[in-house]
Each structure stands twice: as C-alpha cells, then as structure tokens.
J.: 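Below you'll find the structure I mean.
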Amino acid sequence: MPKQLRPIIEGLAVGCVFISITMLFQIPLYMSFIIGALAAIGGYRNSIKMDKEKAAKQEQNQPKDTE
C-alpha cells in the first residue's frame with residue numbers, strides 16, 4: 001500500500017465509524033456527516049503523526065556505525 005494512501009484510508013475508516021455511532025443516537029443526518037468529516041480529518045492527521053513517530057523510533061533504535 002502506498003504511503004500516501006494509508007492515512008487517507010485510516011481517516012475514512014474513522015469517519016465512517018463516527019457517522020455510524022452518531023446515527024445510533026438519532027442525530028440529524030447533516031450533523032452526523034459534519035461529525036464524521038471532522039473525525040476523518042482527525043484520523044488522517046493522527047495517522048500521519050503516528051507514522052512519523054514510528055519512523056523516528058526506528059531511526060533511534062538503529063545501531064550506529066562508528067567506523
């Protein structure tokens with residue numbers, strides 16, 4: 001999976017989950033879509049942040065060559 005595609009898919013998944021949850025509470029449809037869109041943006045940004053932290057941690061754990 002391309003690196004650019006993964007955060008988008010994760011963001012959409014979070015948005016769909018939030019839309020489903022808000023529909024259970026009988027919130028109007030337009031409000032559910034707004035909440036889902038905001039959750040999708042948050043999921044996208046969180047995915048990017050987690051990928052950067054994972055890369056930084058892997059870089060930190062790499063053995064350093066001092067030859």
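A quick note: this is a predicted structure, and the numbers were derived from the prediction, not measured.
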J.: In Å and rounded to the nearest 0.5 Å, what is the CD1 to CG distance from I8 to L12?
T.: 7.5 Å

J.: Answer yes or no: are there more than 12 heavy-atom neighbours, outside Q62 itself, under 6.0 Å from its atom CD?
T.: yes

J.: Determine all donor-acceptor pairs shorter than 3.5 Å in which one atom belongs to a side chain in residues 29-53; sequence neighbours excluded.
T.:
{"residue": "S32", "atom": "OG", "partner": "T22", "partner atom": "OG1", "Å": "3.0"}
{"residue": "S32", "atom": "OG", "partner": "P28", "partner atom": "O", "Å": "3.3"}
{"residue": "S47", "atom": "OG", "partner": "E10", "partner atom": "OE1", "Å": "2.8"}
{"residue": "D51", "atom": "OD1", "partner": "R6", "partner atom": "NH1", "Å": "3.3"}

J.: Can you pull out every salt bridge (charged side-chain N to carboxylate O under 4.0 Å, His left out) where at least one residue sits in residues 19-44? Sequence neighbours excluded, please.
T.: none

J.: Using the rule that two of Ile, Leu, Val, Met, Phe, Trp, Tyr join whenever any of their side-chain heavy atoms come within less than 4.5 Å, decide whether I9 and V14 are in one cluster.
T.: no

